[in-house]
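The sequence lines fix the lettering, A, B, ..., with proteins before strands; numbering per chain opens at 1.
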Protein chains: 2
Amino acid sequence: MTEDADGMSLADRLARRIRALLISGELTPGQRLSEAAFSERFDVSRNSLREAFRLLTKDGLLRHEANRGVFVAVPTMASIIDIYRVRRMLECGALRQAWGQHPAIRVMRETADQGRVTRDRQDWAGVGSANMAFHAAVVDLADSARLNEFYERISAELRLCFGLLNDPENLHAPFVEMNETIVARLEAGRPHDAAAEMETYLNLAERTMLKALERACEPA
Amino acid sequence: MTEDADGMSLADRLARRIRALLISGELTPGQRLSEAAFSERFDVSRNSLREAFRLLTKDGLLRHEANRGVFVAVPTMASIIDIYRVRRMLECGALRQAWGQHPAIRVMRETADQGRVTRDRQDWAGVGSANMAFHAAVVDLADSARLNEFYERISAELRLCFGLLNDPENLHAPFVEMNETIVARLEAGRPHDAAAEMETYLNLAERTMLKALERACEPA
DNA sequence: TACGAGATATTGTTGAACAATATTGACATT
DNA sequence: AATGTCAATATTGTTCAACAATATCTCGTA
């Protein structure tokens, strides 16, 4: 899963490690990331750490306040709405123009199946991973390196939102069936229907996320 | 045009200055950017400069080779094809789902008119600027901060490509009419037609760019 | 409690240092 | 002349220590 770690500069490797901490929920939204503490923790210089912070800030995972330091980004309604707007544009667009024999369709099929298997096993983390991989494959249909990279960034931000919520079952499980429908439409040579289905999916997912965020913000 | 320069960190300001040099063509594709030379030139420390380089690398404007330094990215056929794939997805998508009363439509109208005025004046740089602003307004129809930011990055990369070519007239002038058509379709409440027109536009622009790049690479 | 003033800690930026790697150039070999 | 070798040189990668600027905290006083 994790790719080649060598050849990349220290800051890149650092950014990757911190990103992992972020999406694993080990670092909670709003938390301040002290330069001193983290350079100590990772045994790197403050300068190198600052380069890594800068990258993650550009990715939207950290927020930078002048003279106050960097903080883990806190998901808001606005950011969720924005993220789903992006997803509708990218994923529905990719589906609509998908070539019938594109290799990514096989990846979609595999990850959709994987989603069902893990769900039946009640392995919710597995369902989440399969789901993310499914949608990355959808974007890959567009055959654009820049789009893929952009989606990766959006995807990381979304995972940050997931971390805030603690209900992986309701967050991912309901979507297994829809993924299967979408890939089936595509396999049947009906990309437009697949896109329509995806739009339904994303609207539902967005509502679910917003509702979950609402609950998370105002705990009884 | 240029926004508030204070409040931002040194690296951000540096990145902006260097970006300006890049899109103005003062730095030519493939050129190596020495850390020593640039930290001298801008009178900043190497550390700060490296942070700026990192940001621009993430934007795709610079390329980083391990232990060899950073270089101005060189546009290739592949990158142009990729960029236009992104543009088709973003701009056509934004048009298709555009709300009829969106304020960005007025910006589109204004920049389209501005394009005609500057063209009649044979102010090709002006035509280029108006054109870029027009398409930024198109993306703005989608009402997504992340999409806008992403498009800005793509846009900067594209300007880098323009710099390589030296034929602003043929590169921008033919598109004045098409922009007017597109915004007219939108004003007439026919977003789908506008999107179709945009697709035609982008296909034509892509071909023009590829042809121009070909000529630039193999000078007689 | 509210308010300032000074003490403290943190970030912003710099400059120098050194290791690791890449480039150059002189020299020898064919 | 072309090519390969190896030391000399330059550049990047990373660290460290320092200091200015700004934010946060503490505490004494009204």
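Out of D:dT12, C:dT13, D:dT15, the shortest distance to the side chain of B:Leu10 is found at C:dT13.
Taking side-chain N and O atoms only, A:Arg13 has a distance below 4.0 Å to OP1 or OP2 of D:dT14.
Distance CG (B:Asn67) to P (C:dA20): 11 Å, rounded to an integer number of Å. Between the P atom of D:dG13 and the CE atom of A:Met8 lies a distance of 13 Å, rounded to the nearest Å. Look at CD on B:Glu65: it is 11 Å from P on D:dG13, rounded to the nearest Å.
Centroid-to-centroid, the aromatic rings of B:Tyr151 and B:His135 stay 6.0 Å apart or farther. Ring centroids of A:His172 and A:Phe162 are separated by less than 6.0 Å, placing the two rings close together.
Side chains of A:Glu157 and B:Arg146 form a contact here, defined as non-hydrogen atoms less than 4.5 Å apart. In this structure the side chain of A:Ile18 reaches within 4.5 angstrom of the side chain of A:Leu56, judged on heavy atoms.
With salt bridges taken as basic N to acidic carboxylate O contacts below 4.0 Å, one links A:Glu206 and A:Arg88.
Of the residues in residues 39-55 of chain A, those placing a heavy atom less than 4.0 Å from an atom of DNA chain D are A:Asp43, A:Val44, A:Ser45, A:Arg46, A:Asn47, A:Ser48, in numerical order.
Judged as a side chain to side chain donor-acceptor pair (under 3.5 Å), and not counting sequence neighbours, B:Ser34 has no contacts.
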